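All remarks here apply to the structure that follows.
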Amino acid sequence: MHYSDEAFEEIEMQYSELRFRRNELSLKVAFFAGRMGNERAKEYILHGVGRRLGLLERCIDKMFMLFPANCMEQLTQSDRQDLVINLHAFLINIYGIIENIGLALAYENDLIGNKSAQKLHEKKINLFNKRFQNLLNPKLKEYLTEDTIGKWYREYAKNYRDALAHRITPYVPPAALNDKEQLTFKNLDKELQSLTYEKDLARIDAIQEEQASLGSSNPLFVHSFFEKAKLVYLHPQLIADYRTVEEILMKALDNFNCAQDDE
């Protein structure tokens with residue numbers, strides 16, 4: 001379940017690189033917002049995207065602090081809960097940045113309005129809505145319709161956002177068990193099922209304490225096992241998500257004028 005030495009070194013290198021690039025990205029966002037003509041669009045870029053980028057950065061730092069990528073020991077319950085709280089904030093703001101970019105594009109380019117005028121209602125604005133994509137700069141549309149970015153949005157970003165908002169919240173399991181530990185856990189569980197709360201409280205407490213001590217830290221997160229949600233490695237996903245959002249943002253800023261010809 002844990003990272004190899006090579007994977008850990010790669011994670012640390014990419015995390016360090018991400019930290020160096022943050023200020024540059026924030027400056028680009030602020031500079032671009034200052035050149036925008038529509039005040040609503042400017043607000044979505046400066047106070048929507050800009051603020052959310054700051055939250056993403058803080059969430060990543062907090063999660064790496066609570067759960068370093070080379071940590072093998074189980075987290076305390078309170079640290080794991082804090083980790084999950086930051087994960088939730090991270091996931092919702094990843095999705096929120098995508099929404100804010102779309103709304104800024106729509107307001108700056110006057111794309112919100114009556115359907116008969118080749119415009120869309122505000123609630124229909126989404127970077128991955130095909131009708132909205134058809135109104136965008138051709139270069140931006142081409143990027144957003146690529147298989148890789150579309151799959152990331154559908155299967156991960158939207159999937160985990162929807163699970164967080166409506167279904168089973170994503171969480172980090174308390175431990176990863178090897179084969180021997182899994183067998184021990186199951187045997188203890190069988191014994192636990194045979195006990196009664198009224199007569200065997202001390203033994204129940206002892207079993208639960210022993211089960212909680214099994215295993216090592218688990219660097220994965222998931223939402224619903226019933227839905228067969230894909231287990232995701234935490235640390236590399238945080239970095240990949242930030243870089244993906246950064247890429248989407250830069251593509252949008254470079255091709256913000258929807259009337260621009262595709263040369």
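Here the structure is a predicted model, which means the values were calculated and not measured.
Aromatic pair F67/H235: ring centres closer than 6.0 Å.
Rounded to the nearest 0.5 Å, atoms CD1 (I112) and NE2 (H121) are 9.0 Å apart. Atom CG of N134 and atom OG1 of T145 lie 9.5 Å apart (nearest 0.5 Å). With values rounded to the nearest 0.5 angstrom, L144 atom CG is found 9.5 Å from N255 atom CG.
For E24, the CD atom sits in a loose shell: 12 or fewer heavy atoms of surrounding residues, nucleotides or ligands are nearer than 6.0 Å. More than 12 heavy-atom neighbours from other residues, nucleotides or ligands sit within 6.0 angstrom of CG on D205. Under a cut-off of 6.0 angstrom, the local environment of NZ in K251 is sparse, with at most 12 non-hydrogen atoms contributed by other residues, nucleotides or ligands. Crowding of L201 atom CG: a count of heavy atoms from other residues, nucleotides or ligands under 6.0 Å exceeding 12.
Note on ring orientation: taking the six-membered ring where Trp is involved, the planes of F221 and Y160 are perpendicular (angle over 60°, cut-offs 30° and 60°).
E108 and Y44 share no side-chain donor-acceptor pair at under 3.5 Å. Counting only N and O atoms by type, the side chains of E122 and Y107 include a donor and acceptor under 3.5 Å apart. For the 3.5 Å distance criterion, the side chains of R161 and Y95 fail to qualify, holding no donor opposite an acceptor. Side-chain contact annotation: N126 with Y153, donor-acceptor N/O pair under 3.5 Å present.
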Distance-only donor-acceptor hits, side chain of residues 52-60, under 3.5 Å, sequence neighbours excluded:
from: R52; atom 1: NE; to: N100; atom 2: OD1; distance (Å): 2.8
from: R52; atom 1: NH1; to: N93; atom 2: OD1; distance (Å): 2.8
from: E57; atom 1: OE2; to: Y242; atom 2: OH; distance (Å): 3.0

